[in-house]
Amino acid sequence: MFGERGAGTGERAAPPSRSPFPAPRSPCWRHLRVTTAALPRVRFAPSPTGYLHVGGARTALFNWLFARKTGGTFILRIEDTDKDRSTDAHTQVILDGLAWMGLAWDEGPYFQGAEGARHRADAERLLAAGKAYRCFCTPDTLDAQRRAAEAAKSAFRYDRRCRGLAAGEVERRLAAGEPAVIRFLMPDDEIAWEDAVHGRISFRGTDLDDLVILRSDGSPIYNLAVVSDDIAMRITHVIRGDDHISNTPKQVALYRALGHAPPVFAHVPMILGADGKKLSKRHGATAVGDYQDRGILPAAMRNFLALLGWSPGGDREIMAEAEMIGLFSLEGIQKKPAVFDTAKLEWMNGQYLSMLSAGELLAPVRRELDRLGVDSGSRDLGPLIEATKARARTITHIAEQVAVRLDAGRVTRDEKGEALVRKLGEAYAANLGLAARELAGVPPAEWTPDRLIEVLKAAAEQAGLKLGDLLQPVRVALTGGTVSEPVNELLHVVGRDASLARLHAAARLA
RNA sequence: GGCGCUAUCGUCUAGAGGCCCAGGACACAGCCCUCUCAAGGCUGGAACACGGGUUCGAAUCCCGUUAGCGCUACCA
């Protein structure tokens with residue numbers, strides 16, 4: 001009936017997945033057995049037209065949390081019906097982002113683009129039942145009408161001029177090759193549903209348009225594809241962003257026309273930038289990959305995102321995965337949009353950092369060092385991480401500090417460092433010289449934090465110096481900055497020879 | 001323009017008629033600790049958008065106003 005030229009309807013192979021999850025047992029959801037009918041089935045359905053946005057990640061998280069809480073199934077479906085903008089690379093980024101967040105899906109990924117035949121069949125079923133009709137109006141005429149309506153400051157609704165076309169004329173124009181879409185005949189009734197987060201929401205059918213459900217090339221439009229797929233996948237709860245609220249009445253109408261009960265809808269609030277506008281590129285990092293690169297831990301990201309728009313009630317903030325699952329409920333989801341606060345994310349990341357041992361941080365820090373181009377060689381990074389993690393809020397921050405301790409070439413004096421050198425004047429080099437002399441007298445075997453602080457304190461006392469005036473220059477000489485772990489630990493971690501070398505070099509330069 | 005959603009400290013939120021002249025967290029300021037910073041402890045400033053109802057009593061219920069946001073495609 002429709003030509004095979006619908007480019008978006010061909011089967012498409014899943015891109016090679018580097019995700020740690022097992023491949024789906026069944027290549028197509030049509031073959032799934034009805035064995036868990038009573039348990040919830042939820043899905044995350046991103047379109048691979050960009051990176052995994054934090055808003056999308058949070059939607060995925062809520063779906064995942066809900067599935068884990070209820071013993072239900074979390075399904076991943078890639079909505080790639082917009083073939084112009086969808087790419088396999090984007091799909092892979094989404095898969096990787098989900099895997100990084102630790103959100104394992106139970107089924108999928110399924111590809112919407114592979115289901116074109118069913119979408120078309122559903123559209124034609126509606127057509128046959130008189131619940132949809134063919135429309136020959138061209139995009140150009142429609143555009144003109146829309147613009148006219150806009151200019152007249154009135155609402156545009158398709159005027160249904162093709163609805164009354166005689167069957168014969170439709171056949172004739174189709175046979176002549178005239179392009180036609182299929183439009184859904186929107187009923188006039190009230191359309192309402194009990195939203196799990198907002199309560200009852202209702203629309204009047206008369207305010208809704210006769211939406212196109214099948215393009216002239218035979219490919220489905222979003223609202224049809226979603227409903228068709230959600231029915232086929234037996235989705236019980238649709239948890240998605242608030243921006244879909246106005247799509248929901250259209251979809252509910254489609255469910256009714258298709259003879260299926262709609263699922264439970266739960267519309268979660270948007271995530272905004274600091275200026276109260278929808279989070280977007282100009283707010284800086286919006287992709288989960290950006291946060292991965294910034295050295296945010298997956299667990300912290302998960303915890304932070306969970307608390308954006310959801311609250312377990314009471315004062316709970318830091319929650320282990322199991323607690324979060326146990327506490328999760330749709331009722332706890334907020335109605336109003338939430339502003340993404342990077343400062344709080346970093347604070348939370350710091351909390352997670354402090355809960356992890358140096359050993360557990362080894363792999364991510366090494367990865368970050370590689371990224372920074374630091375050759376950590378065979379050095380035992382444990383003590384270095386231990387020394388720096390208390391003051392760091394991100395993995396990246398730890399790696400930078402480890403790098404400074406590892407490689408004298410990474411030492412650059414920051415503003416505060418410069419200020420200290422200026423303030424001390426000649427005393428800077430003099431005090432460094434004193435420290436270097438005293439420290440040089442400590443044999444390698446005694447180069448321990450305890451011994452070092454003893455020596456330094458004695459030296460300061462003997463010279464009549466405030467301890468800080470002796471130690472701060474050492475700190476600046478070793479790290480370039482005025483902030484670090486206690487100086488004796490810093491000396492220990494940098495090592496005797498390297499420390500002495502840095503001290504001498506700094507004293508000469510000053 | 002139409003339709004819809006939303007409204008508690010700067011931010012994330014607790015609060016489901018009296019427990020609230022509103023609690024916690026981030027951020028901010030001060031103090032303690034201290035060689036610096038972080039952490040930790042203590043302290044402080046900081047909010048129920050506005051106007052009407054309902055009620056003995058409202059942040060909580062109802063109505064209106066205002067503001068913000070979303071949708072209004074042969075995008076998803």
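Just so it is clear, the model here is predicted, and its values are computed rather than measured. In what follows, chains carry the letters A, B, and so on, assigned in the order in which the sequence lines appear, proteins first and then strands, with residues in each chain numbered from 1.
Place K250(A) and S311(A) on RNA chain B by their nearest nucleotides, and S311(A) ends up nearer the 5' end. Toward the 5' end of RNA chain B, the nearer of the two residues E79(A) and K457(A), judged by each one's closest nucleotide, is K457(A).
F62(A) and H237(A) have their aromatic ring centers separated by at least 6.0 angstrom. Residues W310(A) and F328(A) bring their aromatic ring centres within 6.0 Å. Between F304(A) and F340(A), a ring centre-to-centre spacing shorter than 6.0 Å is recorded.
The distance from atom CG of N349(A) to atom CE of M301(A), rounded to the nearest 0.5 Å, is 9.5 Å. Atom CZ of R316(A) and atom CG of N303(A) lie 9.0 Å apart (nearest 0.5 Å). Considering CG of L52(A) and NE2 of H90(A), their distance stands at 11.5 Å, rounded to 0.5 Å. Atom-to-atom distance recorded for I182(A):CD1 and K131(A):NZ is 15.0 Å, nearest 0.5 angstrom.
The phosphate of rC3(B) has neither OP1 nor OP2 within less than 4.0 Å of any side-chain N or O from R157(A). When the side-chain nitrogen and oxygen atoms of R146(A) are compared with OP1 and OP2 of rA73(B), one or more of them lie within a distance under 4.0 Å. Proximity of T81(A) to the phosphate of rA76(B): a side-chain N or O atom is located under 4.0 Å from OP1 or OP2. Not one side-chain nitrogen or oxygen of K153(A) sits closer than 4.0 Å to the OP1 or OP2 atom of rG2(B).
For the pair R316(A) CZ and rG24(B) C1', the interatomic distance rounds to 12 Å; values are reported in whole Å. Distance, F156(A) CZ to rC74(B) P: 8 Å, rounded to whole Å. If you measure from atom NZ of K278(A) to atom C1' of rC69(B), you get 10 Å, rounded to the nearest angstrom. Distance, E194(A) CD to rG4(B) P: 17 Å, rounded to whole Å. One interatomic measurement links the two molecules: CG of D315(A) to P of rG23(B), which rounds to 11 Å at whole-angstrom precision. If you take CG of D84(A) and C1' of rC74(B), they are 12 Å apart, rounded to a whole angstrom. In this entry the distance linking CG of L208(A) with P of rG70(B) reads 19 Å, nearest Å.
Residue contacts for D209(A): at a heavy-atom cut-off of 4.0 Å it reaches no nucleic acid atom on any strand shown. The residue D143(A) sits apart from the nucleic acid: no heavy atom pair falls under 4.0 Å. In this structure, K466(A) reaches neither bases nor backbone, as no heavy-atom distance under 4.0 Å exists between it and the strands shown. Among the heavy atoms of the strands lying under 4.0 Å from V212(A) are primed sugar atoms or P, OP1, OP2 only; no base atom is included. Within 4.0 Å of F203(A), counting heavy atoms only, lie sugar-phosphate atoms of the nucleic acid but no base atom. Here S354(A) lies out of heavy-atom contact (under 4.0 Å) with every strand.
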Below 3.5 Å is the cut-off: list the nitrogen or oxygen pairs between protein and nucleotides 6-12 of chain B, distance only.
{"unit_1": "rU6(B)", "atom_1": "OP1", "unit_2": "H198(A)", "atom_2": "ND1", "d": "3.1"}
{"unit_1": "rU8(B)", "atom_1": "OP2", "unit_2": "K336(A)", "atom_2": "NZ", "d": "2.5"}
{"unit_1": "rC12(B)", "atom_1": "OP1", "unit_2": "V339(A)", "atom_2": "N", "d": "2.9"}
{"unit_1": "rC12(B)", "atom_1": "O2'", "unit_2": "L307(A)", "atom_2": "O", "d": "3.0"}

Using the 3.5 Å cut-off, write out each protein N or O paired with an N or O of nucleotides 47-50 of chain B and the distance between them.
none

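The existence of a salt bridge linking D159(A) and R161(A) is confirmed by a sub-4.0 Å separation between a basic side-chain nitrogen and an acidic carboxylate oxygen. Between E346(A) and R393(A), none of the side-chain N atoms (NZ, or NE/NH1/NH2) sits under 4.0 Å from a carboxylate O, so this pair counts as no salt bridge. A salt bridge does not link D80(A) with R85(A): every distance from a Lys NZ or Arg NE/NH1/NH2 to an Asp or Glu carboxylate oxygen is 4.0 Å or more.
For Y352(A), there are no ring pair (Phe, Tyr, Trp, His ring centres under 6.0 Å) partners at least two apart in sequence or on another chain.
Not a single donor-acceptor pair, N or O on each side, falls under 3.5 Å between the base of rC37(B) and the side chain of R475(A). The base of rA76(B) lies outside donor-acceptor range of the side chain of N223(A), with no N or O pair under 3.5 Å.
Taking atom P in both rU6(B) and rG64(B), the straight-line distance is 14 Å, to the nearest Å. Annotation: rG24(B) and rC31(B) have their P atoms spaced 22 Å apart (nearest Å). As rounded to the nearest Å, rA59(B) and rG51(B) have P atoms that lie 13 Å from one another. Using atom P as the reference point in both rC28(B) and rA38(B), the two lie 9 Å apart (nearest Å). Here, rA58(B) and rA49(B) have their P atoms 15 Å apart, quoted to the whole Å. Comparing the same atom, P, in rC48(B) and in rC9(B) gives a spacing of 7 Å after rounding to whole Å. Using atom P as the reference point in both rU13(B) and rG18(B), the two lie 23 Å apart (nearest Å). Rounded to whole Å, the separation between the C1' atoms of rA14(B) and rA47(B) comes to 13 Å.
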Would you list the atom pairs, donor with acceptor, under 3.5 Å between side chains in residues 450-470 of chain A and any protein atom, with sequence neighbours excluded?
{"unit_1": "R451(A)", "atom_1": "NE", "unit_2": "E446(A)", "atom_2": "OE1", "d": "3.0"}
{"unit_1": "R451(A)", "atom_1": "NH1", "unit_2": "E454(A)", "atom_2": "OE1", "d": "3.1"}

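Every pair passing salt bridge (charged side-chain N to carboxylate O under 4.0 Å, His left out) that includes a residue from residues 267-276 of chain A is listed here, sequence neighbours excluded: D275(A)-R282(A).
Contacts between residues 388-402 of chain A and RNA chain B, counted as heavy-atom distances below 4.0 Å, involve A390(A), R391(A), R393(A).
With rC74(B), rG70(B), rC75(B) as the candidates, the nucleotide lying closest to the side chain of D82(A) is rC75(B). When distances are taken from the side chain of S246(A) to each of rA76(B), rC71(B), rC35(B), the shortest belongs to rC71(B). The side chain of Q351(A) approaches rG40(B) more closely than any other nucleotide in the set rG40(B), rC3(B), rC35(B). When the nucleotides rC37(B), rC75(B), rC35(B) are ranked by their closest atom to the side chain of V483(A), rC37(B) comes out on top.
Pair check for rA16(B) finds none; no Watson-Crick or G-U wobble contact set falls under 3.5 Å. Across all strands shown, rG4(B) forms a Watson-Crick or G-U wobble pair, both distances under 3.5 Å, with rC69(B).
Between T248(A) and D195(A), the closest side-chain pair of non-hydrogen atoms is not below 4.5 Å.
Relative to the ring axis of Y110(A), R77(A) does not place its NZ or CZ within 45° and under 6.0 Å from the centre.
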